[in-house]
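Step one of this worksheet: look at the structure below.
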Amino acid sequence: MSDVLLARYADCIFWLARYVERAENLARILDVNETFSRDSHGGQNWRSIVQLNSDDERFFATHSAATAQSVVKFYVIDGDNPTSIVSAIRYARENARTLRPLISTEMWVQLNVFYNRLAALGEGDLMPGRLAALFGSIKEDCQTHTGITEGTFFRDQGWYFYQLGRYIERADQTTRLLDIKYHLLLPSPSAVGSPIDVSQWNALLRSAAGYHAYRRLHTANTTPARVAGFLLLNQAFPRSLHHCVREAGRLLGEVKSRYLLRHGNAAAEELDRLRGVLGTLDISTILGEGLHEFLDLMQRQLIAITRDLSIAFFGYSPEDVPTKSVAPQ
(Lines give C-alpha, C1' and ligand atoms only; values in the text may rest on other atoms or scores of the structure.)
Protein backbone atom coordinates (compact mmCIF):
# COMPACT_ATOMS: atom_id res chain seq x y z
CA MET A 1 0.00 0.00 0.00
CA SER A 2 1.18 3.52 -0.69
CA ASP A 3 1.72 6.10 2.06
CA VAL A 4 -1.15 8.19 0.67
CA LEU A 5 -3.52 5.23 0.90
CA LEU A 6 -2.37 4.49 4.46
CA ALA A 7 -2.88 8.13 5.41
CA ARG A 8 -6.39 8.05 3.97
CA TYR A 9 -7.23 4.91 5.91
CA ALA A 10 -5.87 6.42 9.15
CA ASP A 11 -8.00 9.52 8.60
CA CYS A 12 -11.14 7.46 7.98
CA ILE A 13 -10.54 5.20 10.98
CA PHE A 14 -9.94 8.18 13.28
CA TRP A 15 -13.17 9.88 12.18
CA LEU A 16 -15.23 6.70 12.12
CA ALA A 17 -14.60 6.38 15.84
CA ARG A 18 -15.31 10.06 16.49
CA TYR A 19 -18.65 10.07 14.66
CA VAL A 20 -20.00 6.99 16.46
CA GLU A 21 -18.85 8.39 19.81
CA ARG A 22 -20.49 11.72 18.94
CA ALA A 23 -23.80 10.08 18.02
CA GLU A 24 -23.93 8.10 21.26
CA ASN A 25 -23.09 11.17 23.30
CA LEU A 26 -25.81 13.24 21.63
CA ALA A 27 -28.41 10.49 22.07
CA ARG A 28 -27.59 10.33 25.77
CA ILE A 29 -27.85 14.11 26.20
CA LEU A 30 -31.20 14.26 24.39
CA ASP A 31 -32.50 11.32 26.40
CA VAL A 32 -31.49 12.81 29.74
CA ASN A 33 -32.78 16.24 28.78
CA GLU A 34 -36.17 14.79 27.83
CA THR A 35 -36.42 12.53 30.87
CA PHE A 36 -34.73 14.25 33.81
CA SER A 37 -34.45 17.97 33.05
CA ARG A 38 -38.00 19.02 33.85
CA ASP A 39 -37.72 22.23 35.84
CA SER A 40 -38.10 25.99 35.75
CA HIS A 41 -35.42 26.35 33.06
CA GLY A 42 -37.84 24.86 30.52
CA GLY A 43 -36.91 25.84 26.99
CA GLN A 44 -33.51 27.08 28.11
CA ASN A 45 -32.49 23.47 28.68
CA TRP A 46 -33.28 22.64 25.05
CA ARG A 47 -31.46 25.69 23.76
CA SER A 48 -28.41 24.60 25.75
CA ILE A 49 -28.12 21.57 23.46
CA VAL A 50 -28.03 23.89 20.46
CA GLN A 51 -25.32 25.93 22.20
CA LEU A 52 -23.42 22.79 23.15
CA ASN A 53 -22.93 22.01 19.45
CA SER A 54 -22.36 25.67 18.42
CA ASP A 55 -25.43 25.44 16.18
CA ASP A 56 -27.29 28.66 17.09
CA GLU A 57 -27.00 30.21 13.63
CA ARG A 58 -27.88 27.03 11.75
CA PHE A 59 -30.76 26.11 14.06
CA PHE A 60 -32.45 29.50 14.24
CA ALA A 61 -32.21 29.96 10.48
CA THR A 62 -35.07 27.46 10.20
CA HIS A 63 -36.63 27.39 13.70
CA SER A 64 -38.16 30.24 15.69
CA ALA A 65 -37.69 28.64 19.11
CA ALA A 66 -35.72 25.83 20.75
CA THR A 67 -38.62 23.63 21.81
CA ALA A 68 -38.40 19.95 22.68
CA GLN A 69 -39.97 19.00 19.35
CA SER A 70 -37.81 21.26 17.17
CA VAL A 71 -34.52 20.37 18.89
CA VAL A 72 -35.15 16.62 18.86
CA LYS A 73 -36.07 16.68 15.16
CA PHE A 74 -33.03 18.85 14.35
CA TYR A 75 -30.63 16.53 16.16
CA VAL A 76 -32.09 13.12 15.33
CA ILE A 77 -33.46 12.97 11.78
CA ASP A 78 -32.46 16.24 10.05
CA GLY A 79 -30.10 15.04 7.33
CA ASP A 80 -29.30 18.65 6.37
CA ASN A 81 -27.88 19.26 9.83
CA PRO A 82 -24.27 17.98 9.83
CA THR A 83 -24.33 17.64 13.63
CA SER A 84 -27.45 15.44 13.79
CA ILE A 85 -27.32 11.79 14.80
CA VAL A 86 -28.39 10.61 11.36
CA SER A 87 -25.62 12.72 9.77
CA ALA A 88 -23.00 11.46 12.20
CA ILE A 89 -23.84 7.83 11.45
CA ARG A 90 -24.00 8.58 7.71
CA TYR A 91 -20.47 10.03 7.90
CA ALA A 92 -19.34 7.03 9.96
CA ARG A 93 -20.81 4.71 7.34
CA GLU A 94 -19.08 6.59 4.50
CA ASN A 95 -15.76 6.23 6.29
CA ALA A 96 -16.48 2.56 6.94
CA ARG A 97 -17.18 2.04 3.21
CA THR A 98 -13.69 3.33 2.43
CA LEU A 99 -12.32 1.01 5.11
CA ARG A 100 -13.95 -2.18 3.79
CA PRO A 101 -10.53 -3.80 3.09
CA LEU A 102 -9.56 -3.25 6.75
CA ILE A 103 -12.69 -3.71 8.87
CA SER A 104 -14.65 -6.88 9.55
CA THR A 105 -17.86 -7.77 7.73
CA GLU A 106 -19.62 -7.64 11.10
CA MET A 107 -18.54 -4.02 11.63
CA TRP A 108 -19.76 -2.99 8.18
CA VAL A 109 -23.08 -4.82 8.31
CA GLN A 110 -24.01 -3.51 11.77
CA LEU A 111 -23.16 0.09 10.86
CA ASN A 112 -25.02 -0.17 7.56
CA VAL A 113 -28.16 -1.55 9.23
CA PHE A 114 -27.90 1.12 11.94
CA TYR A 115 -27.79 3.92 9.37
CA ASN A 116 -30.67 2.53 7.33
CA ARG A 117 -32.79 2.30 10.49
CA LEU A 118 -32.06 5.94 11.33
CA ALA A 119 -32.68 7.11 7.76
CA ALA A 120 -36.13 5.50 7.84
CA LEU A 121 -37.25 7.46 10.91
CA GLY A 122 -39.98 10.07 10.53
CA GLU A 123 -41.53 12.71 12.76
CA GLY A 124 -44.01 10.14 14.07
CA ASP A 125 -41.12 8.26 15.64
CA LEU A 126 -40.22 11.36 17.67
CA MET A 127 -43.42 11.58 19.68
CA PRO A 128 -42.77 12.05 23.44
CA GLY A 129 -43.96 8.57 24.34
CA ARG A 130 -41.50 6.97 21.91
CA LEU A 131 -38.36 8.96 22.63
CA ALA A 132 -36.99 6.95 25.54
CA ALA A 133 -37.10 3.72 23.51
CA LEU A 134 -35.62 5.47 20.46
CA PHE A 135 -32.70 7.00 22.35
CA GLY A 136 -32.10 3.70 24.13
CA SER A 137 -31.94 1.94 20.76
CA ILE A 138 -29.49 4.50 19.34
CA LYS A 139 -27.20 4.21 22.36
CA GLU A 140 -27.32 0.41 22.16
CA ASP A 141 -26.48 0.47 18.44
CA CYS A 142 -23.47 2.71 19.12
CA GLN A 143 -22.35 0.44 21.95
CA THR A 144 -22.87 -2.61 19.74
CA HIS A 145 -20.58 -1.03 17.15
CA THR A 146 -17.97 -0.47 19.86
CA GLY A 147 -18.27 -4.07 21.05
CA ILE A 148 -18.02 -5.53 17.55
CA THR A 149 -15.00 -3.33 16.86
CA GLU A 150 -13.37 -4.47 20.10
CA GLY A 151 -13.92 -8.09 19.16
CA THR A 152 -13.05 -8.05 15.45
CA PHE A 153 -10.74 -5.14 14.56
CA PHE A 154 -7.20 -6.34 13.83
CA ARG A 155 -4.68 -4.86 16.30
CA ASP A 156 -2.47 -2.95 13.88
CA GLN A 157 -1.90 0.76 13.32
CA GLY A 158 -5.56 1.25 12.45
CA TRP A 159 -6.63 0.09 15.91
CA TYR A 160 -4.56 2.81 17.54
CA PHE A 161 -6.00 5.55 15.36
CA TYR A 162 -9.53 4.31 16.04
CA GLN A 163 -8.91 4.50 19.79
CA LEU A 164 -7.25 7.91 19.47
CA GLY A 165 -10.30 9.27 17.69
CA ARG A 166 -12.62 7.80 20.29
CA TYR A 167 -10.79 9.32 23.28
CA ILE A 168 -10.23 12.73 21.73
CA GLU A 169 -13.90 12.99 20.78
CA ARG A 170 -14.94 11.85 24.26
CA ALA A 171 -12.70 14.44 25.92
CA ASP A 172 -14.07 17.19 23.68
CA GLN A 173 -17.69 16.21 24.35
CA THR A 174 -17.16 16.10 28.13
CA THR A 175 -15.70 19.62 28.18
CA ARG A 176 -18.51 20.99 26.01
CA LEU A 177 -21.22 19.34 28.10
CA LEU A 178 -19.78 20.65 31.34
CA ASP A 179 -19.19 24.13 29.97
CA ILE A 180 -22.79 24.61 28.86
CA LYS A 181 -24.60 22.79 31.64
CA TYR A 182 -22.48 24.13 34.52
CA HIS A 183 -23.42 27.74 33.84
CA LEU A 184 -27.01 26.89 32.97
CA LEU A 185 -27.50 24.97 36.20
CA LEU A 186 -25.80 27.32 38.65
CA PRO A 187 -28.71 27.99 41.00
CA SER A 188 -29.77 31.07 42.91
CA PRO A 189 -28.51 31.03 46.51
CA SER A 190 -31.96 30.08 47.77
CA ALA A 191 -32.09 27.00 45.50
CA VAL A 192 -28.75 25.49 46.55
CA GLY A 193 -29.33 21.99 47.87
CA SER A 194 -32.99 21.95 46.91
CA PRO A 195 -34.48 18.85 45.26
CA ILE A 196 -34.53 20.65 41.88
CA ASP A 197 -30.88 21.69 42.26
CA VAL A 198 -29.72 18.16 43.12
CA SER A 199 -31.81 16.56 40.36
CA GLN A 200 -30.27 18.88 37.76
CA TRP A 201 -26.72 17.97 38.75
CA ASN A 202 -27.68 14.32 38.73
CA ALA A 203 -29.05 14.85 35.22
CA LEU A 204 -25.71 16.32 34.17
CA LEU A 205 -23.94 13.24 35.50
CA ARG A 206 -26.37 10.99 33.63
CA SER A 207 -25.68 12.94 30.41
CA ALA A 208 -22.05 11.94 30.78
CA ALA A 209 -22.94 8.35 31.82
CA GLY A 210 -21.29 9.09 35.14
CA TYR A 211 -24.10 9.02 37.69
CA HIS A 212 -23.43 5.59 39.18
CA ALA A 213 -19.65 6.00 39.12
CA TYR A 214 -20.00 9.36 40.89
CA ARG A 215 -22.23 7.79 43.55
CA ARG A 216 -19.51 5.26 44.33
CA LEU A 217 -17.35 8.18 45.46
CA HIS A 218 -19.96 10.58 46.82
CA THR A 219 -23.04 9.08 48.42
CA ALA A 220 -24.45 12.49 49.41
CA ASN A 221 -23.97 16.22 48.96
CA THR A 222 -24.01 16.56 45.18
CA THR A 223 -22.42 19.94 44.52
CA PRO A 224 -21.34 21.78 41.34
CA ALA A 225 -17.68 21.65 42.38
CA ARG A 226 -17.75 17.91 43.05
CA VAL A 227 -19.50 17.15 39.76
CA ALA A 228 -17.09 19.36 37.78
CA GLY A 229 -14.09 17.83 39.54
CA PHE A 230 -15.33 14.32 38.83
CA LEU A 231 -15.90 14.96 35.12
CA LEU A 232 -12.60 16.74 34.65
CA LEU A 233 -10.05 15.20 36.99
CA ASN A 234 -11.11 11.72 38.11
CA GLN A 235 -8.59 9.27 36.68
CA ALA A 236 -10.80 6.18 37.01
CA PHE A 237 -13.91 7.46 35.23
CA PRO A 238 -13.58 6.55 31.52
CA ARG A 239 -15.24 9.74 30.27
CA SER A 240 -13.35 12.22 32.41
CA LEU A 241 -11.08 14.69 30.65
CA HIS A 242 -8.04 13.44 32.56
CA HIS A 243 -8.65 9.78 31.71
CA CYS A 244 -9.24 10.52 28.01
CA VAL A 245 -6.14 12.70 27.69
CA ARG A 246 -4.01 10.10 29.48
CA GLU A 247 -5.28 7.27 27.26
CA ALA A 248 -4.84 9.30 24.06
CA GLY A 249 -1.27 10.11 25.05
CA ARG A 250 -0.53 6.46 25.88
CA LEU A 251 -2.00 5.25 22.57
CA LEU A 252 -0.08 7.79 20.51
CA GLY A 253 3.16 6.90 22.31
CA GLU A 254 2.60 3.19 21.70
CA VAL A 255 1.80 3.50 18.00
CA LYS A 256 4.82 5.74 17.42
CA SER A 257 7.12 3.37 19.31
CA ARG A 258 5.75 0.09 17.95
CA TYR A 259 5.72 1.16 14.30
CA LEU A 260 8.70 3.53 14.42
CA LEU A 261 6.62 6.53 13.30
CA ARG A 262 8.79 9.63 13.17
CA HIS A 263 5.97 12.20 13.06
CA GLY A 264 3.35 13.27 15.57
CA ASN A 265 5.78 14.67 18.15
CA ALA A 266 3.84 17.91 18.56
CA ALA A 267 0.61 16.08 19.38
CA ALA A 268 2.43 13.68 21.73
CA GLU A 269 4.11 16.53 23.60
CA GLU A 270 0.85 18.44 23.95
CA LEU A 271 -1.00 15.39 25.26
CA ASP A 272 1.79 14.75 27.75
CA ARG A 273 1.70 18.38 28.88
CA LEU A 274 -2.09 18.31 29.30
CA ARG A 275 -1.86 15.09 31.31
CA GLY A 276 0.67 16.74 33.60
CA VAL A 277 -1.51 19.82 34.06
CA LEU A 278 -4.63 17.78 34.83
CA GLY A 279 -2.68 15.62 37.27
CA THR A 280 -1.61 18.59 39.37
CA LEU A 281 -4.68 20.85 39.33
CA ASP A 282 -7.54 20.69 41.80
CA ILE A 283 -11.10 21.76 41.05
CA SER A 284 -11.04 24.72 43.44
CA THR A 285 -8.14 26.23 41.49
CA ILE A 286 -9.93 25.70 38.18
CA LEU A 287 -13.16 27.26 39.46
CA GLY A 288 -11.27 30.13 41.05
CA GLU A 289 -9.54 31.02 37.79
CA GLY A 290 -12.68 30.51 35.67
CA LEU A 291 -14.20 27.24 34.56
CA HIS A 292 -15.34 28.52 31.17
CA GLU A 293 -11.88 29.87 30.38
CA PHE A 294 -10.29 26.58 31.39
CA LEU A 295 -12.71 24.49 29.31
CA ASP A 296 -12.36 26.79 26.31
CA LEU A 297 -8.59 26.36 26.52
CA MET A 298 -8.95 22.58 26.71
CA GLN A 299 -11.21 22.53 23.64
CA ARG A 300 -8.79 24.67 21.63
CA GLN A 301 -5.92 22.40 22.61
CA LEU A 302 -7.85 19.28 21.60
CA ILE A 303 -8.51 20.90 18.22
CA ALA A 304 -4.81 21.71 17.93
CA ILE A 305 -3.93 18.08 18.73
CA THR A 306 -6.34 16.90 16.03
CA ARG A 307 -4.68 19.34 13.63
CA ASP A 308 -1.22 18.00 14.51
CA LEU A 309 -2.38 14.40 13.99
CA SER A 310 -3.96 15.33 10.65
CA ILE A 311 -0.70 16.81 9.37
CA ALA A 312 1.51 14.07 10.82
CA PHE A 313 -0.50 10.99 9.81
CA PHE A 314 -3.54 11.77 7.66
CA GLY A 315 -1.90 13.38 4.65
CA TYR A 316 -3.04 16.98 5.20
CA SER A 317 -0.91 20.01 4.52
CA PRO A 318 -1.04 22.79 7.14
CA GLU A 319 -3.21 24.86 4.78
CA ASP A 320 -5.76 22.09 4.21
CA VAL A 321 -6.41 20.92 7.78
CA PRO A 322 -10.05 21.47 8.83
CA THR A 323 -10.30 24.41 11.21
CA LYS A 324 -13.15 22.88 13.21
CA SER A 325 -13.56 19.57 14.99
CA VAL A 326 -15.33 18.07 11.97
CA ALA A 327 -13.87 15.90 9.22
CA PRO A 328 -14.31 17.12 5.65
CA GLN A 329 -16.78 15.12 3.58
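Positions are given from 1, in the same order as the sequence printed here.
Here the closest non-hydrogen pair linking Asp308 and Ala266 is OD2-CB, 3.7 Å. What you find for Asn221 and Arg226 is that their closest heavy atoms are O-NH1, 3.2 Å. For Gly264 against Ala312, the heavy-atom pair with the smallest separation is N-CB, 3.4 Å. Of all the heavy atoms in Arg155 and Thr149, the pair that sits closest is NH1-O, 3.9 Å. The two residues Val32 and Ala203 have their closest heavy-atom pair at CG1-O, 3.2 Å. Smallest separation of non-hydrogen atoms from Ala27 and Ile138: CB-CG2, 3.7 Å.
With contacts defined as side-chain heavy-atom distances shorter than 4.5 Å, the pair Leu217/Asn234 qualifies. Tyr182 has its side chain out of reach of His292: every pair of non-hydrogen atoms, C-beta onward, lies at least 4.5 Å apart. The shortest side-chain heavy-atom distance between Leu295 and Leu232 falls under the 4.5 Å cut-off. Within the 4.5 Å cutoff, the side chain of Phe14 has no heavy atoms near those of the Phe313 side chain. Under the 4.5 Å side-chain criterion, counting only non-hydrogen atoms from C-beta, Asn53 is in contact with Leu26. Between Leu16 and Ile13 there is no side-chain heavy-atom pair separated by less than 4.5 Å. At a threshold of 4.5 Å between non-hydrogen side-chain atoms, the residues Arg58 and Pro82 count as touching. Using a 4.5 Å heavy-atom threshold, the side chains of Gln51 and Asp56 count as touching.
The line from CE of Met107 to CG of Leu102 is 9.5 Å long, rounded to the nearest 0.5 Å. Summarising the geometry, atom CD1 belonging to Ile305 is positioned 9.0 Å from atom CE belonging to Met298; distances are rounded to the nearest 0.5 Å. Atom CZ of Arg18 is separated from atom CG of Asn25 by 11.5 Å, given to the nearest 0.5 angstrom. Between atom CD1 of residue Ile103 and atom CD of residue Gln110 there is a gap of 10.5 Å, rounded to the nearest 0.5 Å. In this structure, CG in Leu134 is found 10.5 Å from CD in Glu34, a value given to the nearest 0.5 Å. Gln173 CD to Leu302 CG: the interatomic distance, rounded to the nearest 0.5 Å, is 11.0 Å.
A donor-acceptor pair shorter than 3.5 Å can be found between the side chains of Ser87 and Ser84. Between the side chains of Arg170 and Ser240, no donor N or O sits under 3.5 Å from an acceptor N or O. Checked by atom type, the side-chain pair Arg206/Asn33 shows no donor-acceptor distance below 3.5 Å.
Pairs engaging residues 126-144 under the salt bridge (Lys or Arg N to Asp or Glu O under 4.0 Å) rule: Asp31-Lys139, Arg117-Asp141, Asp125-Arg130 [sequence neighbours left out]. Sorted by first then second residue, the side chain to side chain donor-acceptor pair (under 3.5 Å) pairs that include residues 72-81, not counting sequence neighbours, are Asp55-Tyr75, Lys73-Glu123, Asn81-Thr83. Residues in residues 256-270 take part in these salt bridge (Lys or Arg N to Asp or Glu O under 4.0 Å) pairs, two or more places apart or across chains: Glu270-Arg273. Residue pairs meeting the side chain to side chain donor-acceptor pair (under 3.5 Å) criterion with at least one member in residues 96-106, sequence neighbours excluded, are Ser104-Thr152. Every pair passing salt bridge (Lys or Arg N to Asp or Glu O under 4.0 Å) that includes a residue from residues 232-247 is listed here, sequence neighbours excluded: Glu21-Arg239, Glu24-Arg239, Glu247-Arg250.
Of the possible donor and acceptor atoms, none in the side chain of Thr174 sits under 3.5 Å from a partner among the backbone N and O of Ala171. With hydrogens and angles disregarded, no donor-acceptor distance shorter than 3.5 Å links the side chain of Ser64 to the backbone of Phe60. The main-chain N or O of Arg215 is never found under 3.5 Å from a side-chain atom of Thr219 such that the two would form a donor-acceptor pair. Remark: side-chain polar atoms of Ser310 are paired, donor with acceptor, to backbone N or O of Thr306 under 3.5 angstrom. Ser207 places no side-chain N or O within donor-acceptor distance of the main-chain N or O of Leu177, the cut-off being under 3.5 Å.
Phe154 and Leu251 are members of different hydrophobic clusters when ILVMFWY side chains are connected at heavy-atom separations under 4.5 Å. Follow the hydrophobic side-chain contacts under 4.5 Å out from Met127 and you never reach Val72; the two are in separate clusters.
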Verdict with supporting geometry, Leu291 and Asp179, side-chain contact (heavy atoms from CB on, under 4.5 Å)
CA-CA 7 Å; Leu291 180 65; Asp179 194 17; 5.6 Å; no
Please test Arg90 against Leu118 for side-chain contact (heavy atoms from CB on, under 4.5 Å), starting from the C-alpha separation and ending with a verdict.
CA-CA 9 Å; Arg90 183 175 74 246; Leu118 288 172; over 6 Å; no
Would you please test Phe161 and Phe314 for ring-ring contact (aromatic ring centres under 6.0 Å, His included) and show each step?
CA-CA 10 Å; Phe161 286 112; Phe314 304 158; 5.8 Å; yes
Side chain to side chain donor-acceptor pair (under 3.5 Å) between Asp11 and Tyr316, worked out:
CA-CA 10 Å; Asp11 189 28; Tyr316 291 97; 2.9 Å; yes
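Counting heavy-atom neighbours within 6.0 Å of Glu57 CD, excluding the residue itself, gives a total of 12 or less. For Glu254, the CD atom sits in a packed shell: over 12 heavy atoms of surrounding residues, nucleotides or ligands are nearer than 6.0 Å.
When the options Leu231, Leu205, Leu204, Val227 are evaluated for a side-chain contact (heavy atoms from CB on, under 4.5 Å) with Lys181, the one that passes is Leu204.
For Ala213, the side chain to side chain contact (heavy atoms under 4.5 Å, CB included) partners are Phe230, Phe237, not counting sequence neighbours. In this view, Ala225 and Thr223, Leu287 satisfy the side chain to side chain contact (heavy atoms under 4.5 Å, CB included) rule, not counting sequence neighbours. Looking at residues two or more places apart in sequence or on another chain, you find a side chain to side chain contact (heavy atoms under 4.5 Å, CB included) between Ile311 and Arg307, Pro318, Val321. Every residue was checked against the side chain to side chain donor-acceptor pair (under 3.5 Å) condition with Arg216, not counting sequence neighbours, and none meets it. A search for side chain to side chain donor-acceptor pair (under 3.5 Å) contacts involving Asp272 returns Arg275, not counting sequence neighbours. Applying the side chain to side chain donor-acceptor pair (under 3.5 Å) rule to Ser284 yields the partners Asp282; only residues at least two apart in sequence or on another chain are considered. The side chain to side chain donor-acceptor pair (under 3.5 Å) test applied to Glu319 returns Ser317, not counting sequence neighbours.
Ring to ring, Trp46 and Phe59 are not that close: their centroids are 6.0 angstrom or more apart. For Phe114 and His145, the gap between ring centers reaches or exceeds 6.0 Å.
Relative orientation of the Phe153 and Tyr162 rings is perpendicular, given thresholds of 30° and 60° on the angle between their planes.
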